[in-house]
Asks: 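I am attaching a structure below and will ask some questions about it afterwards.
Just so we're clear, the structure is a prediction, and the values are computed from it rather than from any experiment. Whatever order the structure lists ligands and atoms in, that order sets their numbers, starting from 1.
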Amino acid sequence: MSYNLLKGKKGIIFGALDEKSIAWKTAIRCYEEGASLVLTNAPVALRMGEINKLAASVQAPVIGADVTNMDDLKKLLEESIKHFGSKIDFILHSVGMSLNVRKGKEYTGLDYHFNQKTLDISAMSLHRVLQTAWDLDALNEWGSVVALTYIAAQRVFPDYSEMADAKALLESVARSFGYHYGMRKKVRINTVSQSPTRTTAGSGVKGFDGFMAYADKMSPLGNASGEDCAAYCAVLFSDMTRMVTMQNLFHDGGFSLTGVTEAIINQMEK
Ligand code: NAI
């Protein structure tokens, strides 16, 4: 069901790789809520071609941009403004990648060259996007920016490895830039800390299935799905949440504040 929450709003969605992507589901939800969109992803991801299906269904152009490349980001924002014929109301940052995890390197044996790339792609990219928008004055007053994060920024999940540090940095950038953009243009910036979700990035974490089942049993409401996350992001882009900024918002069925559940105790007693 649609509530027309984003009627007339214009947004950029980063990170729709395939139909499992949280960004993919968010694009669909925002479109259903009345938004006009631009889709973007890294040139290498665009070559897969999947995104064109999404583009057709949400009537959005696709503009390639590597989030670590300032020229790409400038071009993306300039072309988006040209496409919309106005400034931008919202941005979803749904981007993450760990080179060390991908190359099978443990947290205690990091390659620092990979680590720098991980932090750049997964965390400082939010700063790059925001600084580019700031310089171009690309966002409308009361605009909204959301980046996706994970609770490993606060608590240890060993196999999440260097991505935990990346998420802690990402959340800090959201807070720090949230201050400046709030002061300057009433733009709000938040992170959404999502339950484990079966996507390409998610499944890259070692032992993901067990981990997901554990989180589900440890959450009073169960794991939040990608579709639920998309709906939450749409609300955060809407005028219903104008005074929410600089927050890390847990969207996890209650996992973050649960010490233990009966299901886990029963399993331990077996
Ligand atoms: P996904 O694999 O579908 O999305 C990750 C996206 O990052 C891909 O579209 C990929 O092409 C893009 N990307 C990677 N390097 C890039 C670059 N240099 N430039 C531009 N884009 C680049 O996976 P998912 O799960 O939808 O991930 C989206 C966000 O959600 C990530 O920040 C992830 O850490 C976060 N998240 C995911 C959870 C999960 O369990 N799947 C849980 C909590 C947060």
Asks: Is there a polar contact, in the sense of an N or O pair closer than 3.5 Å, between Asn41 and ligand 1?
Replies: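 Asn41 vs ligand 1: N/O contact under 3.5 Å present.
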Asks: May I ask you to identify the nearest protein heavy atom to atom 19 (N) of ligand 1, giving residue, atom name and distance to one decimal place in Å?
Replies: Val67 N, 3.0 Å
Asks: Does ligand 1 have any atom that is closer than 4.0 Å to a heavy atom of Ser122?
Replies: no
Asks: Just say parallel, tilted or perpendicular for the rings of His180 and Phe177, cut-offs at 30° and 60°.
Replies: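 Taking Phe177 first and then His180, their aromatic rings stand perpendicular (interplane angle over 60°).
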Asks: Could you walk me through whether Glu171 and Arg175 pass the salt bridge (charged side-chain N to carboxylate O under 4.0 Å, His left out) test, one step at a time?
Replies: CA-CA 6 Å; Glu171 291 173 18; Arg175 268 191 305 276; 5.0 Å; no
Asks: Could you check Lys206 against Glu106 for salt bridge (charged side-chain N to carboxylate O under 4.0 Å, His left out), going step by step and ending with a plain yes or no?
Replies: CA-CA 11 Å; Lys206 204 162 82 189; Glu106 300 287 338; 3.7 Å; yes
Asks: Geometry only, no angles: is Ile22 polar-contacting ligand 1 at N/O separations under 3.5 Å?
Replies: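 Yes, since at least one N or O of Ile22 sits under 3.5 Å from an N or O of ligand 1.
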Asks: Just need the protein heavy atom nearest to atom 6 (C) of ligand 1, so name the residue and atom and give the distance.
Replies: Ser94 O, 3.5 Å
Asks: Considering Val192, Thr149, Thr118 one by one, which has a heavy atom nearer to atom 44 (C) of ligand 1 than any of the others?
Replies: Thr149
Asks: Under 3.5 Å, is there a donor-acceptor pair between the Gln194 and Tyr150 side chains?
Replies: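 No, because no side-chain N or O of Gln194 sits under 3.5 Å from a partner of the opposite role on Tyr150.
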Asks: Identify, for atom 33 (C) of ligand 1, the protein heavy atom at the shortest distance, and state residue, atom and that distance.
Replies: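 Answer, as residue, atom name and distance: Lys167 NZ, 3.7 Å.
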Asks: Using heavy-atom distances, let me know which of Ile151, Thr197, Leu170, Val95 sits nearest atom 31 (C) of ligand 1.
Replies: Val95
Asks: Hey, does Thr68 come in under 3.5 Å of ligand 1, counting only N/O atoms on both sides?
Replies: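 No.
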Asks: Which ligand 1 atoms are under 4.0 Å away from a heavy-atom of Gly15?
Replies: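 Answer for ligand 1: 4 (O), 6 (C), 8 (C), 9 (O).
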Asks: Nearest protein heavy-atom contact for atom 2 (O) of ligand 1: which residue, which atom, what distance?
Replies: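 I find the closest protein heavy atom is Ala201 N, 3.0 Å.
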Asks: Checking one residue: Trp142. Which other hydrophobic residues are in its cluster under the side-chain 4.5 Å linking rule?
Replies: Met243
Asks: Output yes when the distance from some N or O of ligand 1 to some N or O of Ala45 is under 3.5 Å, and no in every other case.
Replies: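 N/O-N/O distance under 3.5 Å: no.
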Asks: Could an N or O of ligand 1 be found under 3.5 Å from any N or O of Gln194, whether backbone or side chain?
Replies: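 No; the residue has no nitrogen or oxygen that sits under 3.5 Å from a nitrogen or oxygen of the ligand.
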Asks: Measure the distance from atom 24 (P) of ligand 1 to every protein heavy atom, then report the residue, atom name and distance (to 0.1 Å) of the closest one.
Replies: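 Answer, as residue, atom name and distance: Thr199 OG1, 3.3 Å.
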Asks: If the cut-off is 4.0 Å to any non-hydrogen atom of Ala65, which atoms of ligand 1 fall inside it?
Replies: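 Every atom of ligand 1 under 4.0 Å from some heavy atom of Ala65: 19 (N), 20 (C).
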Asks: Centroid-to-centroid, Phe250 to Phe255, below 6.0 Å?
Replies: no
Asks: Taking it one step at a time, do Ser122 and Val95 satisfy side chain to side chain contact (heavy atoms under 4.5 Å, CB included)?
Replies: CA-CA 6 Å; Ser122 310; Val95 175; over 6 Å; no
Asks: Looking only at non-hydrogen atoms, which of Ser125, Ser195, Cys229, Gly202 approaches atom 42 (C) of ligand 1 most closely?
Replies: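 It is Ser195 that holds the nearest heavy atom.
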Asks: Taking 4.0 angstrom as the limit and counting only heavy atoms of Leu148, give me the atoms of ligand 1 inside it, by number and element.
Replies: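 Near Leu148, the atoms of ligand 1 are 29 (C), 30 (O), 32 (O), 35 (C).
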Asks: Out of Ile51, Asp66, Ile121, Asp120, whose heavy atom is nearest to atom 16 (C) of ligand 1?
Replies: Ile121
Asks: Assess whether atom CZ of Arg102 is packed by more than 12 heavy atoms of other residues, nucleotides or ligands within 6.0 Å.
Replies: no
Asks: For Tyr232 and His251, take the angle between the two ring planes, folded into 0 to 90°, and tell me which bin it lands in: parallel under 30, tilted 30 to 60, perpendicular over 60.
Replies: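 Parallel, since the angle between the ring planes stays under 30°.
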Asks: Test your reading of the model: is there a side-chain donor-acceptor pair from Ser144 to the backbone of Phe90, 3.5 Å cut-off?
Replies: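 Flag not set: sc Ser144 to bb Phe90 has no pair under 3.5 Å.
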Asks: Between Glu162 and Asn100, is a side-chain hydrogen bond (donor to acceptor under 3.5 Å, both in side chains) present by the stated rule, with each step listed?
Replies: CA-CA 8 Å; Glu162 64 176 355; Asn100 278 291; 2.8 Å; yes
Asks: Below 3.5 angstrom, do we get any N/O pair linking Tyr150 and ligand 1?
Replies: no
Asks: Would you say Pro196 has any N or O atom under 3.5 Å from an N or O of ligand 1, going by distance alone?
Replies: no
Asks: Decide salt bridge (charged side-chain N to carboxylate O under 4.0 Å, His left out) for Lys82 and Glu78; before the verdict, give the C-alpha distance in whole Å, the side-chain angles of both, and the deciding distance to 0.1 Å.
Replies: CA-CA 6 Å; Lys82 205 181 286 171; Glu78 284 171 347; over 6 Å; no
Asks: Under a 4.0 Å N-O cut-off, is there an ion pair linking Lys185 with Glu141?
Replies: no
Asks: Met97 versus ligand 1: do any nitrogen or oxygen atoms come within less than 3.5 Å of each other?
Replies: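 Between Met97 and ligand 1 (N or O atoms, distance only) the closest approach is not under 3.5 Å.
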Asks: Between Asp120 and Arg128, does any side-chain N to carboxylate O distance fall below 4.0 Å?
Replies: yes
Asks: Could you check atom 3 (O) of ligand 1 against the protein and tell me its nearest heavy-atom contact, residue, atom and distance included?
Replies: Ser21 OG, 2.6 Å
Asks: Taking only heavy atoms of Ala42 into account, list the atoms of ligand 1 that are under 4.0 Å away from them.
Replies: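 Those atoms are 17 (C), 19 (N), 20 (C), 21 (N).
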